[in-house]
2 protein chains.
Amino acid sequence: MISISIIEDNNFYRELLVRVLKEKHFLKIYGVYSSAEEAIQELPANAPDIAIVDIKLKLKSGIELIETVKPYLANTQFLMCSGFQNDENIFNALKAGASGYIMKGSTEEEIQNAIIELHNGGSPMSPYIARKVINLLHRKKTSDNNLGLSSRELEVLSLLSRGLLYKEISDQLNISANTVKNHCKNIYKRLHVQNKIEAINKFSNYNLQAYAS
Amino acid sequence: MISISIIEDNNFYRELLVRVLKEKHFLKIYGVYSSAEEAIQELPANAPDIAIVDIKLKLKSGIELIETVKPYLANTQFLMCSGFQNDENIFNALKAGASGYIMKGSTEEEIQNAIIELHNGGSPMSPYIARKVINLLHRKKTSDNNLGLSSRELEVLSLLSRGLLYKEISDQLNISANTVKNHCKNIYKRLHVQNKIEAINKFSNYNLQAYAS
DNA sequence: AAATTAATAACCTGTTATGGTTATTTTTTT
DNA sequence: AAAAAAATAACCATAACAGGTTATTAATTT
């Protein structure tokens with residue numbers, strides 16, 4: 001038996017969801033809320049297995065709802081509900097802690113399947129959103145991710161980012177510690193930074209954030 | 001017109017793919033390879049829009065193929081082809097640079113749709129794999145991500161991770177640099193590390209890698 | 001062939017970090 | 001109320017790092 005709570009401000013769609021989910025014997029409606037504020041009050045004490053959250057709520061958005069309430073609901077999964085396939089907010093909702101979503105135009109069967117998939121440890125989502133998530137993984141290794149650094153400098157920077165000392169890096173690369181030091185100085189110059197950590201950050205920011213948000 | 005190359009060592013399935021894709025007027029078979037080695041040789045000079053790669057190849061796996069060949073194929077998208085829904089390697093393939101996948105049991109229509117979705121900027125994948133990707137986003141903000149550090153120590157560590165010096169941190173927190181130094185020493189002890197970078201890594205590893213792989 | 005860039009390496013100086021000890025005050029827990 | 005933990009802070013010695021200069025060699029480009 002999967003317990004489900006619904007947070008949806010639109011009366012019509014909320015009732016529709018309730019009706020569709022009541023049909024299935026293995027689903028149990030736990031709580032029904034018409035605003036994020038109401039849900040924030042009630043959810044922590046009444047944790048469902050799955051919370052279906054409309055992404056566009058009145059005062060607070062569904063994303064804010066998840067962010068505030070998630071720390072208290074370790075065992076609840078959030079299923080976002082959006083009107084549009086390619087809503088940018090769906091991606092942000094997934095980042096905030098949602099695990100999947102359904103569209104408002106979905107059929108009864110699709111909604112039920114999404115819930116089952118979610119409960120089985122899957123993440124139902126459209127290919128468009130999936131790509132945005134995947135792009136975070138790729139981190140642009142392909143093209144100009146070197147920031148003007150030479151391959152040797154990238155090598156040194158990579159070892160630096162593991163927390164190795166100059167001596168340890170020089171042993172690994174079979175060069176002198178002075179040379180490592182020298183590479184670092186050049187790296188700092190090119191990245192316009194003053195120390196290891198800033199260099200590492202600049203590097204990983206470039207690799208990660210190009211695709212983020 | 002979408003140009004497609006196929007890397008598949010199984011003769012039967014390779015020919016089946018060719019036949020299915022030839023049916024569609026907007027798809028053009030570009031190259032057909034029966035091993036990763038062959039593809040590594042040929043692909044860089046003959047870049048297709050989409051490369052369909054079997055995940056299990058003889059000597060080198062499809063993942064290795066992508067890793068070695070991707071730097072030369074900035075405009076090619078990789079569509080993995082696997083026998084199983086929940087093949088762990090699919091997830092690794094996505095990390096390596098693939099953008100979606102199809103299953104060997106897929107219908108002709110599903111294969112064609114996956115290609116179209118991929119070409120339109122989507123990432124076709126199953127909910128199971130999607131979840132593994134999503135979990136990377138969540139980073140376990142919820143529960144015990146503090147590693148036994150006090151809130152003040154977390155504060156210091158957070159500022160450290162931006163590359164600030166002791167003095168800069170002490171100014172920001174209105175405490176003495178000696179105190180910051182002291183917090184660091186305690187942080188290092190608790191995390192069993194020797195320097196800033198290792199501490200930062202341990203922290204972010206805990207937040208990121210708990211779900212990875 | 002000449003010039004440029006990359007990789008190598010050493011020197012010096014000053015700053016920053018690390019590791020150890022000790023100690024006071026405040027907050028939290030028992 | 002007593003004990004424990006957290007936050008504060010100083011001292012010392014050593015190690016590591018940062019920034020500057022200079023220089024040789026190898027590889028690449030012009």
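So that the names make sense, note that chain A is the first sequence line, chain B the second, and so on, each numbered from 1.
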Query raised in the report: A:His183 side chain N/O closer than 4.0 Å to the phosphate oxygens (OP1, OP2) of C:dA7?
Result: no
Query raised in the report: Does B:Tyr188 place a side-chain N or O at less than 4.0 Å from the phosphate oxygens OP1/OP2 of C:dT18?
Result: yes
Donor-acceptor list for residues 25-33 of chain A side chains, cut-off 3.5 Å, not counting sequence neighbours:
none

Query - Between CD1 on residue A:Ile116 and CD1 on residue A:Ile2, distance to nearest 0.5 Å - result: 6.5 Å
Can you give me every donor-acceptor pair (side chain of residues 175-183 of chain A, partner residue at least two apart or in another chain, under 3.5 Å) with its distance?
unit_1, atom_1, unit_2, atom_2, d
A:Ser176, OG, A:Asn178, N, 2.8
A:Ser176, OG, A:Thr179, N, 3.4

Report task. To the nearest 0.5 Å, tell me how far B:Leu164 CG sits from B:Leu159 CG. Result -> 5.5 Å
Requested in this report: Write down the distance between CD (B:Glu198) and C1' (C:dT18), rounded to a whole number of angstrom.
Outcome: 12 Å
Query raised in the report: Charged N to carboxylate O under 4.0 angstrom, A:Glu153 versus A:Arg190?
Result: yes
Query raised in the report: Are any of the side-chain heavy atoms of A:Val53 and A:Met80 separated by less than 4.5 Å?
Result: yes
Query - Protein-nucleotide distance (A:Asn174, atom CG; C:dA7, atom P), rounded to Å - result: 16 Å
Report task. Rounded off to whole Å, could you give me the CD1-to-P distance for the B:Ile197 and C:dA17 pair? Result -> 12 Å
Query raised in the report: Which residue lies toward the 5' end of DNA chain C, B:Val193 or A:Ala177, if each is placed at its nearest nucleotide?
Result: A:Ala177
Query - Atom-pair distance (CG on B:Leu157; C1' on C:dA17), nearest Å - result: 15 Å
**Report entry** Lys/Arg cation over aromatic A:Phe78: A:Lys95, 6.0 Å, 45° cone
**Finding:** no
Query - 5'-most by nearest nucleotide on DNA chain D - A:Leu164 or A:Lys185 - result: A:Leu164
Query raised in the report: Does the C:dT18 base have a donor-acceptor partner in the side chain of B:Asn195 within less than 3.5 Å?
Result: no
Query raised in the report: Below 4.5 Å, heavy atoms only, C-beta onward: do B:Leu173 and B:Arg152 meet side chain to side chain?
Result: yes
Query raised in the report: Is there any side chain to side chain donor-acceptor pair (under 3.5 Å) pair reaching into residues 41-55 of chain A, and which pairs are they, with sequence neighbours excluded?
Result: A:Ser3-A:Asp49, A:Asp54-A:Lys104
Report summary line: Bend of the helix from C:dA1-D:dT30 to C:dT30-D:dA1 from end-axis comparison, five pairs per end, nearest 10°, comes to 60°
Report task. Return the minimal non-hydrogen interatomic distance between A:Lys196 and A:Tyr166, and the atom names on each side. Result -> CE-CE2, 4.1 Å
Report task. Name the first nucleotide and the last nucleotide along DNA chain D (5' to 3') that come under 4.0 Å of a heavy atom in chain B. Result -> D:dA6 to D:dA10
**Report entry** Approximate separation, where rounding is to 0.5 Å, of A:Ser35 OG and A:Asp9 CG
**Finding:** 8.5 Å
Report summary line: A:Glu153 CD to C:dT8 P, in whole Å, measures 10 Å
Query raised in the report: Would you say C:dA10 has OP1 or OP2 under 4.0 Å from some side-chain N or O of A:Thr179?
Result: no
Requested in this report: Could you give me the CA-CA distance, side-chain angles and deciding distance for B:Tyr101 and B:Ser123, then say whether side chain to side chain donor-acceptor pair (under 3.5 Å) is met?
Outcome: CA-CA 8 Å; B:Tyr101 77 83; B:Ser123 278; over 6 Å; no
Query raised in the report: Just checking A:Asn186: base, sugar-phosphate only, or nothing, at a heavy-atom cut-off of under 4.0 Å?
Result: nothing
Could you write out each protein N or O paired with an N or O of nucleotides 12-16 of chain C at a distance under 3.5 Å?
none

